[in-house]
Amino acid sequence: MDYQKFLEEKRKLSEESSSEEREAVMRRGLELVVASVGEHGVRIHDMMKKTLVSCSEETAEVTLAYEVEEWELNPNGVMHGGLIGTAIDTACGMVTRYMSENLLASTVSLNVDYLRPVSGGDRLLVTAKLVRLGGHVANLRAEARRESDGEPAALATAVFYLPDAGGKT
């Protein structure tokens with residue numbers, strides 16, 4: 001997936017563009033990202049079945065839904081904590097890259113507090129919100145909750161590094 005393509009559409013928006021127009025552009029771009037497989041082959045976040053539920057440029061939020069499949073379960077029959085962390089990291093990365101327009105953004109820290117198990121067959125809803133976007137750092141909060149009862153499964157904070165456009169990760 002060429003992230004540049006969806007950011008070009010964002011950059012074409014004017015100051016006068018409505019929030020509906022902005023959300024439509026964000027949604028189209030993020031749906032392309034969700035559906036894509038990386039240029040380096042299938043990665044773990046590509047294997048996880050996810051869909052874009054909602055997004056908002058105005059509130060700098062993205063919500064993804066993950067189907068909890070059999071292969072994602074630990075020996076206790078619930079979603080592996082590392083995969084919950086991966087789902088959170090993916091959502092945080094998507095909102096960071098879109099809002100910062102920095103495709104080299106990378107995770108510096110991800111702190112996850114696990115609250116409740118998520119059973120197979122359920123869906124994990126992950127909402128990531130950009131709290132602060134600085135020159136070289138983005139701070140985020142995320143919540144993962146079980147769709148079956150709406151209860152939070154995990155809470156997280158994340159920090160992403162935003163290198164200069166010519167920088168490397």
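Values below: all heavy atoms of this structure, side chains included; hydrogens, waters and symmetry mates excluded.
- Not a single donor-acceptor pair under 3.5 Å links the side chain of R141 to the backbone N or O of T157.
- Surrounding CZ of R22 are more than 12 heavy atoms belonging to other residues, nucleotides or ligands, all under 6.0 Å away.
- Proximity of a side-chain donor or acceptor of K129 to a complementary backbone N or O of A142 within less than 3.5 Å is not detected.
- A salt bridge is absent between E151 and R146; no separation between the charged side-chain nitrogens and carboxylate oxygens falls under 4.0 Å.
- With hydrogens and angles ignored, the 3.5 Å screen pairs a side-chain donor or acceptor of E21 with a backbone N or O of S18.
- By the 4.5 Å heavy-atom criterion applied to side chains, R97 and N102 are not counted as neighbours.
- No donor-acceptor pair closer than 3.5 Å links the side chain of N139 to the backbone N or O of V159.
- With T96 contributing its side chain and C92 its backbone, the two residues share a donor-acceptor pair below 3.5 Å.
- Atom OG in S54 sits 9.0 Å away from atom CG in L125 (nearest 0.5 Å).
- Side chain of H136 to main chain of P163: no donor-acceptor pair is present (N/O by atom type, distance under 3.5 Å, no hydrogens or angles).
- By the 6.0 Å and 45° rule, K49 does not stack over the aromatic ring of Y66.
- Here the side chains of N111 and S109 are in contact, with some heavy-atom distance below 4.5 Å.
- Here the side chain of S119 pairs no donor or acceptor atom with the backbone of D122 at under 3.5 angstrom.
- Distance alone, capped at 3.5 Å, places no donor-acceptor pair between the R28 side chain and the E23 backbone.
- Put simply, CG on L162 and CD on E101 are 11.5 Å apart, with the number rounded to the nearest 0.5 Å.
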Decide side chain to side chain contact (heavy atoms under 4.5 Å, CB included) for F160 and D89; before the verdict, give the C-alpha distance in whole Å, the side-chain angles of both, and the deciding distance to 0.1 Å. CA-CA 10 Å; F160 275 68; D89 188 46; 3.5 Å; yes

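- Taking CG of L140 as the reference point, atom OG1 of T107 lies at 9.0 Å (rounded to 0.5 Å).
- Looking at heavy atoms from C-beta onward, L64 lies in side-chain contact with L52 at the 4.5 angstrom threshold.
- Counting heavy atoms from C-beta on, the side chains of L104 and D164 never come closer than 4.5 Å.
- With values rounded to the nearest 0.5 angstrom, L30 atom CG is found 10.0 Å from E57 atom CD.
- Salt bridge annotation for E147-R123: present, with a cationic side-chain nitrogen under 4.0 angstrom from a carboxylate oxygen.
- For the side chain to side chain donor-acceptor pair (under 3.5 Å) test, no residue two or more places apart in sequence or in another chain qualifies with E143.
- R145 pairs with exactly one of L124, L115, T127, V118 by the side-chain contact (heavy atoms from CB on, under 4.5 Å) rule, that one being T127.
- Between C55 and M94, the closest side-chain pair of non-hydrogen atoms is not below 4.5 Å.
- For residues 71-87, the side-chain hydrogen bond (donor to acceptor under 3.5 Å, both in side chains) pairs, not counting sequence neighbours, are E69-W71.
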